[in-house]
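Below you'll find the structure, written out as structure tokens, and then a few comments.
So that the names make sense, note that chain A is the first sequence line, chain B the second, and so on, each numbered from 1. Any value given below was found using the heavy atoms of this structure, including those in side chains, with hydrogens, waters and symmetry copies removed.
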2 protein chains.
Amino acid sequence: MAEIKLTYFNATGRGEISRLILAYANAKYTDERIERSDWMTLKPTLTYGQMPVLSYNGVTLAQSITIARFLANEFGLAGKNNIEKAEADEVVDALVDLQNAGYVVVFNKEPEKKDQLLEEFKAKAKTSLTHLESRLKSRGGQYFAGNQLTWADLQLFNILEAIKVLLPAPAEDYPLLKDLSTRVGDLPNIKKWMETRPGQ
Amino acid sequence: MAEIKLTYFNATGRGEISRLILAYANAKYTDERIERSDWMTLKPTLTYGQMPVLSYNGVTLAQSITIARFLANEFGLAGKNNIEKAEADEVVDALVDLQNAGYVVVFNKEPEKKDQLLEEFKAKAKTSLTHLESRLKSRGGQYFAGNQLTWADLQLFNILEAIKVLLPAPAEDYPLLKDLSTRVGDLPNIKKWMETRPGQ
């Protein structure tokens, strides 16, 4: 069995998609959580000065989506061939764009701009979710790639959860996305993770 | 032989890494280039309202890095196993971060901020390239993944070329990056592409 350690802040953020993949796979791993007070000491020791970082049988990998894709490949959640892998990658990338748009609001340091940025985010979310709903439909409506669960479906669930701080019911107007996200959340290992995960 | 069409602006930008992979592989494909004047007509017809778009034996894929990774997989440039693929992905993601930092300067619409943004970009580039130099060294110094050419090495060449508009000799202080990028540029198919590519 592989020796796995995932290092990230004690928060969901850019580490959570990897944790969801590991939870789904029921993998044993060390969920190392760094407190903000220790971050500036750790940062200069990291390859890109960033977290998350994955240690996998002694190999260290950085970049959040690289780590998640690697875990998805190792645990059979990446798609069965190059096309399916790319179909999943495409959806993950579109969802990261949406996540990044949310971070623009959350990490904004100018309080007077908050309302305007929130409106811009809502418009961006509407466009993204409309595109994703139609992409899911074009691929059969059940799953985003290969008509089987992949990490793209976990990422949908993850990002819809994450943007609830800005948009309380993000999938309300998107029946296929809402249904897929609900099905992901009802998977026993995912449900258990969501009920017991730390850092909330 | 696969039927391939890559659609993007008549520019390098986010389409060029895929074109470099196709050039290296000496693949036959349609290099469809959209003029700015036609863009607003085309945009609403696209899955995410974005380019590049790849058509591959009738399957359509979006998201620039998804497309490039798919082509890298198809043409044997992605790495030989999950670890090597992730090592290449990690470097590609770090280089995209650098590219995005460059776009903040290039697409900035407030001329009075240009100098400040350029200084911020130069600081970011210094950090990124220092990290990448040390990553390349830790992986043996010849190539970024698996000690063979992968799309991560093509992406290094691509991004170092792209940021020359902001930083004329970006790899001057990074001997391993400079050497790798030079070796990539000297590959016959890459050299030929750089000498004959349109849209410059």
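With contacts defined as side-chain heavy-atom distances shorter than 4.5 Å, the pair A:R69/B:R69 qualifies. Two residues are said to be in side-chain contact when any heavy atoms from C-beta on lie closer than 4.5 Å; B:Q63 and A:V91 fail this criterion.
Only the side chain of B:D97 has a heavy atom closer than 4.5 Å to any heavy atom of chain A. Heavy-atom distances place the side chain of B:Q50, and not its backbone, under 4.5 Å from chain A.
Listed for the A:E90 side chain is a donor-acceptor partner under 3.5 Å among the backbone atoms of B:A62.
Annotation: maximal heavy-atom pairing with chain B below 4.5 Å, among A:V59, A:D89, A:L54, occurs at A:D89. Note: A:A94 leads A:A78, A:G49, A:A94 in heavy-atom pairs under 4.5 Å with chain B. Among A:V92, A:I67, A:I65, A:L61, the residue making the largest number of heavy-atom pairs under 4.5 Å with chain B is A:L61.
In this structure, B:H131 NE2 and A:T47 OG1 are separated by 8.0 Å, a value rounded to the nearest 0.5 Å. Distance CZ/B:R135 to OG1/A:T60: 6.5 Å, rounded to 0.5 Å.
Below 4.5 Å, heavy atoms of chain B meet no heavy atom from residues 103-114 of chain A.
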Criterion side chain to side chain contact (heavy atoms under 4.5 Å, CB included) on A:I83 and B:F70, from CA distance to verdict:
CA-CA 7 Å; A:I83 286 280; B:F70 170 75; 3.6 Å; yes

Show, in sequence, the C-alpha distance, side-chain angles and deciding distance for A:Y48 and B:D93, and conclude whether the side chain to side chain contact (heavy atoms under 4.5 Å, CB included) test is met.
CA-CA 11 Å; A:Y48 299 96; B:D93 287 355; over 6 Å; no

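Residue B:E3 places its CD atom among 12 or fewer non-hydrogen atoms of other residues, nucleotides or ligands, all under 6.0 Å distant. Heavy atoms of other residues, nucleotides or ligands lying less than 6.0 angstrom from CG of A:D38 number more than 12.
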